[in-house]
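Residue numbers start from 1 in every chain, and the chains themselves are labelled A, B, ... in the order their sequence lines are given, proteins ahead of strands.
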There are 2 protein chains.
Amino acid sequence: MLSKKTQYAFRALSYLGKQDTKKPVLISEIAREANVPKKFLETILLDLKKIGILNSKMGKGGGYYLLRNSEEITLAEIIRMFNGPIALLPCVSLNYYEPCDECKNGSGCGLNGVMSEVRDVTLNILENKSVRDII
Amino acid sequence: MLSKKTQYAFRALSYLGKQDTKKPVLISEIAREANVPKKFLETILLDLKKIGILNSKMGKGGGYYLLRNSEEITLAEIIRMFNGPIALLPCVSLNYYEPCDECKNGSGCGLNGVMSEVRDVTLNILENKSVRDII
DNA sequence: ATATAATCCATCTATTTAATAGATTATAAG
DNA sequence: CTTATAATCTATTAAATAGATGGATTATAT
């Protein structure tokens, strides 16, 4: 399941994506409108800024705004950022790969095949859907 | 990601599925061969017994054995038992459904559509693969 | 200089995960 | 009917993670 944090990130991005201008939006406005605890939201927005999805401005007239277009932000990257690996096992993860005990000595563990399949079909959706699609 | 407990359950079931007879197998043997902490394994086997996948015998000559054939135990049911919901959001879960804030007032949240898709393709694999397939 | 708003730092509770220790009950076999 | 065996029950514990908040600090527009 996706963590609250991940869901909050989606709500915030969704709200920002709905704005017709790219003018900065207050954290407090996002918190209120997207229904996310303000303090918690702060850390989320900061993370999104770090990876270049958002930018911010301090002081009067400040706030957060999208740096990339909403159709260019995939659901997969947001989930990876806030929820961790998308794969069900480390040994089939593309971005967080680690061999399991059985994988180490042989041609992969029993679950390897199935879980790779699951990963592929999941990624096929999540890499091709964007924030635009959830607005 | 699947929890250790879930992975242990798969290893234990896999080991039991490999036996050619249906004679009881000692917890300690399963623990050793499947590489699972014995005490932890006890609770896992007990759970598997409760839902009718395994049965056990106490005393000398006792142990655990499969009650259903390995090809009739789906990966999905084991994951649900030990890992919880397979869906990424409560509002698209078939077995653990709960509406989210946005779902309550309207025709579903933005993520609903995509996450239903993900659930469907995932379940399509996990409901149709069995313990037999991971041996 | 001042009000504004993001940023930083620190802490906190509850829950979940993973695991272990020891007592108890059921069973087979002599 | 006693003994060894092996599952079952009760309980506790350490560590990690999730979710959240309070208050001080820094940057910016006017």
Can you see which heavy atom on Lys129(A) is nearest to which on Val114(B), and at what distance?
CG-CG1, 3.9 Å
Check the distance between dA6(C)'s P and Lys50(A)'s NZ and give it to me in whole angstrom.
16 Å
What string of B, S and - do you get for nucleotides 11-23 of chain C, 5' to 3', if B is base contact, S is sugar-phosphate-only contact and - is no contact with any protein heavy atom under 4.0 Å?
-------SSBBB-
Rounded to whole Å, the OH-P distance (Tyr65(B) to dA6(D)) equals 16 Å
Tell me the interatomic distance from Ile44(B), atom CD1, to dA7(D), atom P, rounded to whole angstroms.
15 Å
dA7(D) C1' sits how many Å from Lys23(B) NZ, rounded?
18 Å
Tightest non-hydrogen contact, residues Gln7(B) and Leu2(B), listed as NE2-O, 3.1 Å
Roughly how many Å is it from CD1 in Ile30(B) to P in dA7(D), rounded to a whole number?
8 Å
Within the structure shown, what part of the strands sits under 4.0 Å from Leu46(B) by heavy-atom distance: base, sugar-phosphate, or nothing?
sugar-phosphate
Summary of protein contacts for nucleotides 25-30 of chain D, nucleotide by nucleotide, where a base hit scores B, a sugar-phosphate-only hit scores S (4.0 Å, heavy atoms):
-BBBS-
In whole angstroms, how far is the C1' atom of dC9(D) from the CG atom of Leu45(B)?
15 Å
Per-pair distances, 0.1 Å, donor-acceptor, side chain in residues 23-40 of chain B, under 3.5 Å, sequence neighbours excluded:
from     : atom 1 : to        : atom 2 : distance (Å)
Glu29(B) : OE2    : Tyr15(B)  : OH     : 2.5
Asn35(B) : ND2    : Asp101(A) : OD2    : 3.3

Going by side chain to side chain contact (heavy atoms under 4.5 Å, CB included), name the residues that satisfy it together with Lys49(A), two or more places apart in sequence or in a different chain.
Asn55(A), Ser56(A), Tyr64(A)
Can you name the residues that form a side chain to side chain contact (heavy atoms under 4.5 Å, CB included) with Glu71(A), not counting sequence neighbours?
Asn69(A), Ser130(A), Arg132(A)
Would you say the side chain of Leu66(A) lies within less than 4.5 Å of the side chain of Ile73(A), judging by non-hydrogen atoms?
yes
Results of side chain to side chain donor-acceptor pair (under 3.5 Å) for Arg80(B) - residues two or more places apart only
Glu127(B)
Is there a chain of hydrophobic side chains (I, L, V, M, F, W, Y, each step under 4.5 Å between heavy atoms) that links Leu94(A) to Leu88(A)?
yes
